[in-house]
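Notes follow once the structure below has been shown.
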Number of protein chains: 2
Amino acid sequence: MRNINPDLRVIRTKESIRHALVELINEKGLEAITVKDITTMAKINRGTFYAHYQDKYDLMIKCEEDIMIDMSKITKQNYPSVIAALETDSQNLAPFSFAVSLFEYLNINSGFMKAVLGPKGDLSFQTRLKQFMWETLYGNNPNAFLKEENFLVPGQYLAAYMGTAIIGVIQQWLESGRKESPQEMARILTNLTVNGPYFAAGLKK
Amino acid sequence: MRNINPDLRVIRTKESIRHALVELINEKGLEAITVKDITTMAKINRGTFYAHYQDKYDLMIKCEEDIMIDMSKITKQNYPSVIAALETDSQNLAPFSFAVSLFEYLNINSGFMKAVLGPKGDLSFQTRLKQFMWETLYGNNPNAFLKEENFLVPGQYLAAYMGTAIIGVIQQWLESGRKESPQEMARILTNLTVNGPYFAAGLKK
DNA sequence: GTAATAAACAACAGGTTGTTCATTATTATA
DNA sequence: TATAATAATGAACAACCTGTTGTTTATTAC
């Protein structure tokens, strides 16, 4: 991935910077943070920060990229089984196992994810995450999960609907303290997605 | 609502400030804006800005409050007809007329709405808007649209799902240039909400 | 042990902030 | 229309953050 140059000082510095970033986002929100805040909390010199990152946005993007890479890996691991499930008659189970993997990952990285997806987090990350989700579901590849010729609404709105809805459920889970297990969250999310919110609200027979 | 003290100078100043704000959000994003940017574009003295608003966030909140007030009015106007429709057998039509009103309003105020809901907009507004939507659907009132005893998933996740999904569709519409009519958007949104995205994607018989 | 290099320290100009004050211009109203 | 009220201007202020640079000190890899 990046340079394999693990000078211990660099590792320590970057770790304390990223730890401080999460703390500060939860405390005062991304936009209120100054580079000085970060370096004070990380107990490093301000000049050292600039030796590693251009500014706080550069730091954010680097952190977020790591998350996206992980998510790509999870997606690729789950891809074959989901495709297989979709081709059988147990369609409803197809997204379930994938959703479990997703929530398990979020659970492990909940510190950063809660901060960055929370109400004081990074709006641009949500935009990129939506884009990533849509490409996962409906990418360039010929055997994508979704095929536009079957859509009942324009693809862009289907994408926006699904992407934001999924992120919304994730946000709520992180925000309310992750009381449900990843399995339970996967059940909730697939129920909402497969049957729709109208049904899940008890408004439909 | 606010003071009835319409000194023409105040009206002019506030209007040019708010106009400049929308321009600048679209141009460089809320967080990159300085008070100096706003006053330069609005062609007013920087001191004058501080005579009206504490800072740029105070300005944002005041603008956003006006939007929320309008939305409340629209909701109240549509309430009786939606309740009536829900009690007949034409349940699917219930949210439709309300959605049309909503998109018509967004269409009129698209300048500000696009800026504030866009990728360079205000995350905290989205949070408040979700909260508002949920209270509208499932408020304190006894005859709310939704009743928790019927829910198949926890109410907080249903709320998060619906709220963010609706906002997502609105964002996509504003972002892509509002090519569809409010009626068409209402059809898309109600189709997605009533039948669910899985169905709308053609994945369900 | 030594050379390489990361981090600390200190100082810099340039920019924004929020406030204050005296001065000028506009508005409401009598 | 004259005048009193008040909004806006212009200028100055200290305080703060930024991004950069050069020097010194400490840690690390080999």
Side-chain angles (χ1 to χ4, degrees), chain A residues 1-63 66 115 120-124, chain B residues 1-63 66 115 120-124:
Chain A
M1 219 64 41
R2 299 205 216 290
N3 264 347
I4 337 142
N5 189 6
D7 190 318
L8 292 180
R9 291 168 292 184
V10 176
I11 294 169
R12 257 189 278 127
T13 300
K14 288 199 172 180
E15 250 177 28
S16 58
I17 286 176
R18 293 187 180 210
H19 186 260
L21 177 68
V22 171
E23 287 292 304
L24 285 164
I25 292 176
N26 284 320
E27 183 183 317
K28 52 159 67 179
L30 174 61
E31 296 311 331
I33 295 174
T34 66
V35 172
K36 197 176 188 230
D37 289 333
I38 297 170
T39 56
T40 301
M41 179 164 280
K43 294 187 186 68
I44 59 159
N45 190 272
R46 201 162 57 86
T48 306
F49 178 92
Y50 288 107
H52 292 288
Y53 305 102
Q54 285 179 19
D55 51 34
K56 71 171 171 177
Y57 298 106
D58 184 46
L59 167 62
M60 279 303 287
I61 285 172
K62 297 241 166 85
C63 292
D66 290 348
K120 299 174 191 165
D122 182 6
L123 188 53
S124 80
Chain B
M1 215 57 49
R2 297 206 218 290
N3 265 347
I4 338 141
N5 189 6
D7 189 317
L8 292 180
R9 289 168 293 185
V10 175
I11 294 169
R12 256 190 279 127
T13 300
K14 288 197 171 180
E15 251 178 27
S16 58
I17 286 176
R18 293 186 179 210
H19 186 260
L21 177 68
V22 172
E23 286 293 304
L24 285 165
I25 292 176
N26 284 321
E27 185 182 316
K28 52 159 66 178
L30 174 60
E31 296 311 331
I33 297 173
T34 66
V35 172
K36 196 174 191 236
D37 289 334
I38 297 169
T39 56
T40 302
M41 179 163 281
K43 294 184 185 70
I44 60 160
N45 190 271
R46 201 162 56 85
T48 306
F49 178 92
Y50 287 107
H52 292 289
Y53 305 103
Q54 285 180 18
D55 51 33
K56 72 171 168 176
Y57 297 107
D58 184 44
L59 167 62
M60 280 302 288
I61 285 172
K62 298 242 167 83
C63 293
D66 290 347
K120 298 174 192 164
D122 181 6
L123 188 53
S124 79

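Worth knowing before you read on, the calculation uses all heavy atoms, side chains too, and leaves out hydrogens, waters and symmetry mates.
When the side-chain nitrogen and oxygen atoms of A:His52 are compared with OP1 and OP2 of C:dA6, none of them lie within a distance under 4.0 Å. Side-chain N/O atoms of A:Tyr50 include none lying less than 4.0 angstrom from OP1 or OP2 on D:dT20.
With sequence neighbours excluded, no residue forms a side-chain hydrogen bond (donor to acceptor under 3.5 Å, both in side chains) with B:Arg46. By the side-chain hydrogen bond (donor to acceptor under 3.5 Å, both in side chains) test, B:Ser124 is found to be paired with B:Asp122, B:Arg128, residues two or more places apart in sequence or in another chain being considered. Judged as a side-chain hydrogen bond (donor to acceptor under 3.5 Å, both in side chains), and not counting sequence neighbours, B:Asp55 has no contacts.
Rounded to whole Å, atom C1' of C:dA6 lies 12 Å from atom NZ of A:Lys14. One can place OH of A:Tyr53 at 15 Å from P of D:dG19, the figure rounded to the nearest angstrom. Rounding to whole angstrom units, CG of residue B:Asp58 and P of C:dG18 are separated by 11 Å. Atoms CZ (A:Phe49) and C1' (C:dA6) sit 16 Å apart, rounded to a whole Å.
Shortest non-hydrogen contact noted between B:Ser16 and B:Ala42 is O-CB, 3.5 Å. Pairing each heavy atom of A:Asp58 with each of A:Tyr53, the nearest pair is OD2-CA, 3.3 Å.
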Determine all donor-acceptor pairs shorter than 3.5 Å in which one atom belongs to a side chain in residues 21-32 of chain A; sequence neighbours excluded.
residue : atom : partner : partner atom : Å
A:Asn26 : ND2  : A:Val22 : O            : 3.4
A:Lys28 : NZ   : A:Asp37 : OD2          : 2.9
A:Glu31 : OE1  : A:Tyr57 : OH           : 2.7

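How far CZ of B:Phe49 is from NZ of B:Lys14: 11.0 Å, rounded to the nearest 0.5 Å.
Side-chain contact between B:Ile17 and B:Lys62 is absent, with no heavy-atom pair separated by less than 4.5 Å.
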What string of B, S and - do you get for nucleotides 25-30 of chain D, 5' to 3', when a contact is any protein heavy atom under 4.0 Å? -BBSS-

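For the contact set between residues 29-46 of chain B and DNA chain C, defined by any heavy atom under 4.0 Å, the members are B:Thr34, B:Val35, B:Lys36, B:Arg46.
If A:Thr48 and B:Asp55 are placed on DNA chain C by their nearest nucleotide, the residue sitting closer to the 5' end is A:Thr48.
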